[in-house]
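Step one of this worksheet: look at the structure below.
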Amino acid sequence: SRASSLQTKKQLSLATSLKAEANGQFETKHYREANSLYTKAISVLENVDIRNVGAEKNRDADTNNEDSTNFTSLITALHSNRAATNLKLREYDLCLDDCNYILRKLDVTN
């Protein structure tokens, strides 16, 4: 529905903003803060129904595929960036968890 599509857009926008803030924290070596922000962004996207990403009527299939690709790129970046913060924090098991998530859940070839 249009309402759920709008909600999805808001979630994607919030997650993107959190990622940008986290990236800034990472660049200044504030790894715990960056980790927390990446985790928040991931949690914002947990309830996103991928079918609502780009699912507005009157949009072509290429646009819908592009939106789905952007969603996948965002969630992949969030997990890989959080893995990097965990590596810097010597939280190796957590680092590995994010890497495995990406490989299992997001790799379309699996």
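Nothing here was measured: the structure is a model prediction, and the numbers come from that model.
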Legend entry - Single-linkage hydrophobic cluster, 4.5 Å side-chain cutoff, L78 and L89 together: yes

Inset, instruction - Grab the two heavy atoms, one from F26 and one from T85, that are nearest each other, plus how far apart they are. - result: CD1-CG2, 3.5 Å

Inset, instruction - For C99 and A83, work out which heavy atoms get closest and say how close. - result: SG-CB, 4.0 Å

Inset, instruction - Could you tell me which non-hydrogen atom of S80 sits nearest to which non-hydrogen atom of A77, and how far apart they are? - result: OG-O, 3.1 Å

Legend entry - Reference residue L37; test side chain to side chain contact (heavy atoms under 4.5 Å, CB included); the match among N81, L18, N23: L18

Legend entry - Candidates D97, T39, N35 - the one meeting side-chain hydrogen bond (donor to acceptor under 3.5 Å, both in side chains) with R82: T39

Inset, instruction - Please name the pair of heavy atoms, one in A22 and one in A34, separated by the smallest distance, quoted to 0.1 Å. - result: O-CB, 3.5 Å

Legend entry - Sub-4.5 Å side-chain heavy-atom contact between F71 and L12: yes

Inset, instruction - State, yes or no, whether a side-chain contact exists between T76 and Y101 at a heavy-atom distance under 4.5 Å. - result: no

Inset, instruction - Would you kindly confirm whether L96 and I102 end up in one hydrophobic cluster when ILVMFWY residues are joined by side chain heavy atoms under 4.5 Å apart? - result: no

Inset, instruction - Return yes if some donor-acceptor pair links the side-chain N/O of S36 with the main-chain N/O of R32 below 3.5 Å, else return no. - result: no

Inset, instruction - Any chance you could measure H79, atom NE2, to L74, atom CG, to the nearest 0.5 Å? - result: 10.0 Å

Inset, instruction - Measure the shortest side-chain to side-chain distance between Y92 and N86 over non-hydrogen atoms and say whether it is less than 4.5 angstrom. - result: no

Inset, instruction - Can you measure from NZ (K29) to NZ (K88) and round to the nearest 0.5 angstrom? - result: 6.0 Å

Inset, instruction - Can you see which heavy atom on Q11 is nearest to which on L45, and at what distance? - result: O-CD2, 3.9 Å

